[in-house]
Colleague: 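For reference, the structure I am asking about is given below.
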Amino acid sequence: MDRCGIGTPCVRGVLEGHVELLKKHFHLITMKEFLKKKERLSEKIKSVLIYECRPVIDRELLQSLPHLKVIANSGVGVDHLDLKLISSFGVKVTNTPHAVSDSTADIGMALMLASARRLVEGCQIAVSPQTEHFAADWLGDEVTGATLGIIGMGSIGYKVAKRAKAFEMKILYHNRNQRKEEEEQAVGARYCEKMEDLLQQSDFVILVVNLTPQTHKLIGKRELELMKPTATLINISRGAVVDHDALVEALQNGIIKAAALDVTNPEPLPRDHPLLKLKNIIITPHIGTATVQATRMMTEEAVANIQAVLNGLPIPSEVIPQ
Ligand SMILES: O=CC(=O)O
């Protein structure tokens, strides 16, 4: 077993049991320790493991770690990392796509169902002092038979599609580059070459794309206006994929019916943000991967990635800069 220095820039996201797991494989140095004894520890660190608290990996940090070989991101999205800069230091980046797909797809379904069946309002009514209420005043919608449009049929998108199939939904999907014929057939999904077609036909639109310069504000005023006034937008990707000003306007003016977001830009939203004042929205605090199982698997997947890099073996999940 390779013993190496591992800096965890932020130990806040590391769960108790995971520290033990990491210590089995590595000599573990937390960011706090690193910052205290930078001079002495710099030479030792070969890998950095990032938990989800979005630390800054900048030129200064990279320059201070001359033996760094790998930055292992615990999670799939790497939009917080400057891949080109890191790669210019000869350092590899890895992520954990397998660990996160089920839990993130579950959150997508949970948000869709909660929004369709007005679950949050229902909970508030159930615990309110007013005990008399009429279901007829807050009818929801069934997802059975409704059309779900998936933007981004990667591994999480496909897991969403499998779940939607079990809910007897019609499934459309759009990918910018790659049609996924095998997945299409497995879940009975229809490919929309143009995202516009998907937006016009879907009752629920779910965003499952990576955040890149191409997907920044992918959903803005024009796209929201293409959606049905009865449709719901669900975002489990990154907040910046949606233009928040346009979304506020669309929700206020009935351009779309509702939104359900696990991600916002920024996170958390300032407490006076107009999205927080709307009734036709559900927001959760980026909990797509927040399960006991997913976090454990993320640590295991990250450990496997680090060991592969340090031992010169094929890397299970390397992120290549585009
Ligand atoms: O947001 C979660 C992830 O990137 O895995």
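Counting starts at 1 for both ligands and their atoms, in listed order. Here the structure is a predicted model, which is why all the values come from computation and not from measurement.
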Colleague: Can you check side-chain contact (heavy atoms from CB on, under 4.5 Å) on Asp106 and Arg163, steps first, answer last?
Modeller: CA-CA 8 Å; Asp106 283 351; Arg163 285 156 172 72; 2.7 Å; yes
Colleague: Strictly under 4.0 Å, does any heavy atom of Arg238 approach an atom of ligand 1?
Modeller: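 Within the 4.0 Å threshold, so yes.
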Colleague: Hey, is ligand 1 close enough to Gly75 that some N/O pair sits below 3.5 Å?
Modeller: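 In fact, backbone or side chain, Gly75 has no N or O that close.
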Colleague: For ligand 1, which atoms sit closer than 4.0 Å to a heavy atom of Thr289?
Modeller: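 Reading through ligand 1 atom by atom, the close ones are 2 (C), 5 (O).
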Colleague: Which atoms of ligand 1 sit under 4.0 Å from any heavy atom of His286?
Modeller: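 So the answer, numbered in order with elements, is 1 (O), 2 (C).
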Colleague: Which atom names give the shortest non-hydrogen contact between Lys180 and Gly154, and what distance separates them?
Modeller: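 Of all heavy-atom pairs spanning Lys180 and Gly154, the closest is NZ-CA, 4.0 Å.
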Colleague: Please determine if Val100 has a nitrogen or oxygen closer than 3.5 Å to a nitrogen or oxygen of ligand 1.
Modeller: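 In this structure, Val100 places no N or O atom under 3.5 Å from an N or O of ligand 1.
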Colleague: What I'd like to find out is whether the side chain of Asn280 reaches to under 4.5 Å of the side chain of Lys257, using heavy atoms alone.
Modeller: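 No. Closest side-chain heavy atoms not under 4.5 Å.
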Colleague: Mind listing the closest non-hydrogen atom pair of Thr96 and Ser74 along with its distance?
Modeller: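 Reported closest heavy-atom pair: OG1-C, 3.9 Å.
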Colleague: Please test Ser128 against Gln130 for side chain to side chain donor-acceptor pair (under 3.5 Å), starting from the C-alpha separation and ending with a verdict.
Modeller: CA-CA 5 Å; Ser128 76; Gln130 191 190 336; 5.4 Å; no
